[in-house]
Amino acid sequence: MADQSSFGWLSVGLKKAKPFLAMVSLQFGYAGMYIITIIALKKGMSHYILSVYRHVVAFLIIAPFALVLERKVRPKLTLPIFLRIMALGLLEPVLDQNLYNVGMTYTSATMGATFVNMLPAVTFILAMIFRLEKVNVKKFHSVAKVIGTVITVMGAMVMTLYTGPAIHFIKSAGAIHHGNTTEPDKHNHFIGILLLLGSICSWSGFFILQSFTLKKYPAELSLTALVCLMGTVEGAVVSLIFERDMSVWKLGFNSKLLAITYSGVVCSGIAYYVQGVVIRERGPVFLTSFSPLCMIITATLGAIVLKELIHLGSILGAILIVIGLYTVVWGKSKDTKSTSEESIMTKDMGKNQELPIVDHGGIIDGPVKILKIPAANNIRSDSIVSK
């Protein structure tokens with residue numbers, strides 16, 4: 001009995017920790033993509049072609065699993081759902097990835113990283129607009145989501161805008177990499193900022209629309225495969241418009257192929273599926289609250305693999321990011337618990353209530369009669385007050 005109890009406790013604990021472990025692992029996957037992709041881009045690979053090929057790989061990997069594992073549970077693909085999938089393929093695989101890359105070239109890598117870490121705040125705002133998130137100023141855990149989002153963005157700003165002295169945690173003989181000091185003109189800089197803002201809005205919109213789509217089409221693998229397919233088709237059209245040289249489509253056994261394979265399998269195929277599962281269980285804000293972790297992991301991997309220096313600004317920003325991150329996660333966990341308790345109470349009140357009938361003068365002889373009184377239909381869940 002003791003062994004069964006311990007096993008049950010461990011099973012429940014792992015189930016609760018699954019979304020957290022999935023999101024942390026996903027950030028490691030994204031950080032690895034950053035290291036591999038930056039090498040491929042420095043060797044002349046087009047970011048348009050990279051986006052197309054990575055979704056081809058993702059579709060080829062995910063589609064067989066979707067066909068086999070979800071053949072009995074996959075809903076019918078209606079026209080409204082298909083249009084949503086087309087929009088999803090446009091928002092993230094095409095708009096987000098390409099707007100971000102072009103915007104970063106017009107401004108700087110620092111500016112691009114800064115805008116990426118605004119993702120939780122933008123998603124939280126969009127989630128509130130579409131009523132996926134609610135803020136109750138009377139509940140501390142609800143206000144904590146707002147405070148945590150602000151702290152996270154502040155930490156990202158410190159991490160990217162303030163450099164500070166170099167901290168030599170890992171001593172190496174690697175050369176110090178100097179960035180390009182060429183300043184872009186004001187016109188391109190303004191356009192780049194608009195493109196980066198559009199990239200973050202597209203990414204946030206993708207999470208919100210994915211949350212709505214999963215309610216109508218609750219098949220994560222199939223949805224992932226279809227989004228990758230539509231992203232490939234739409235991205236190919238964009239690539240043919242902006243890349244007139246057909247030689248950019250040629251591949252070889254080099255870092256370009258590695259970047260395509262890794263980003264396609266890990267960061268498009270697996271990531272889209274994991275994001276869909278986590279969004280359905282915890283919501284889009286919980287998902288995006290982990291995105292700043294990628295910056296911390298990337299800084300660490302950059303110091304080890306690319307021999308990059310870690311500066312004081314990165315450390316201070318990382319501390320703020322972690323504080324804000326777990327503030328948001330704590331608020332979301334309390335939100336989920338509160339919603340579950342209200343749902344249980346509403347379900348219990350919806351059942352038939354049974355009242356024993358007794359005589360006013362004493363106990364009735366014989367078996368007690370039961371009178372079934374149906375619950376009122378106009379009971380609202382928001383009128384329930386928990387103790």
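Nothing fancy with the numbering, it's 1 onward along the sequence. Atom set for the values below is all heavy atoms of this structure, side chains included, hydrogens, waters and symmetry mates excluded.
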Kindly write out the residues that satisfy side chain to side chain donor-acceptor pair (under 3.5 Å) with Ser46, not counting sequence neighbours, or none if the list is empty. Glu243
Sequence-distant partners of Phe65, ring pair (Phe, Tyr, Trp, His ring centres under 6.0 Å), two or more places apart: none
Contacts of Glu220 meeting salt bridge (charged side-chain N to carboxylate O under 4.0 Å, His left out) (sequence neighbours excluded), chain-then-number -> Arg280
What verdict does the side chain to side chain contact (heavy atoms under 4.5 Å, CB included) test give for Leu223 and Leu88, after you've listed the backbone C-alpha separation in whole Å, the side-chain angles of each residue and the deciding distance to 0.1 Å? CA-CA 10 Å; Leu223 181 61; Leu88 287 171; 4.2 Å; yes
Partner set under side-chain contact (heavy atoms from CB on, under 4.5 Å) for Val233, not counting sequence neighbours: none
Contacts of type side-chain contact (heavy atoms from CB on, under 4.5 Å), residue Ser204, not counting sequence neighbours: Leu119, Val122, Thr123, Leu126, Ile200
Residue pairs passing the side chain to side chain donor-acceptor pair (under 3.5 Å) test where at least one lies in residues 75-95, sequence neighbours excluded: Glu92-Gln97, Glu92-Tyr272
Scan Val68, Leu69, Leu67 and name whichever one has a side chain to side chain contact (heavy atoms under 4.5 Å, CB included) with Arg71. Val68
Heavy-atom donor-acceptor pair, Ser239 side chain to Gly235 backbone, under 3.5 Å: yes
Sorted by chain and number, sequence neighbours left out, side chain to side chain donor-acceptor pair (under 3.5 Å) with Glu70 holds for Ser222
Applied to residues 247-261, the side chain to side chain donor-acceptor pair (under 3.5 Å) test, sequence neighbours excluded, yields Asp245-Ser247
Residues in side chain to side chain donor-acceptor pair (under 3.5 Å) with Tyr217, at least two apart? none
Using side-chain contact (heavy atoms from CB on, under 4.5 Å) as the criterion, list what pairs up with Ile36, not counting sequence neighbours. Leu258, Ala259, Tyr262
Please walk me through it: do Val24 and Phe290 pass side chain to side chain contact (heavy atoms under 4.5 Å, CB included)? CA-CA 7 Å; Val24 172; Phe290 281 83; 4.0 Å; yes
State the CG-CE distance between Leu50 and Met33, to the nearest 0.5 angstrom. 8.0 Å
Under the side-chain contact (heavy atoms from CB on, under 4.5 Å) test, which residues partner Ile62, sequence neighbours left out? Leu221, Thr224, Ala225
Just wondering, do Ser199 and Leu95 contact through their side chains at under 4.5 Å, heavy atoms? no
Which residues pass the ring pair (Phe, Tyr, Trp, His ring centres under 6.0 Å) test with Tyr48, sequence neighbours left out? Phe242
Is there a side-chain contact between Pro218 and Pro75 in this structure, where contact means two heavy atoms from C-beta onward sitting under 4.5 Å apart? yes
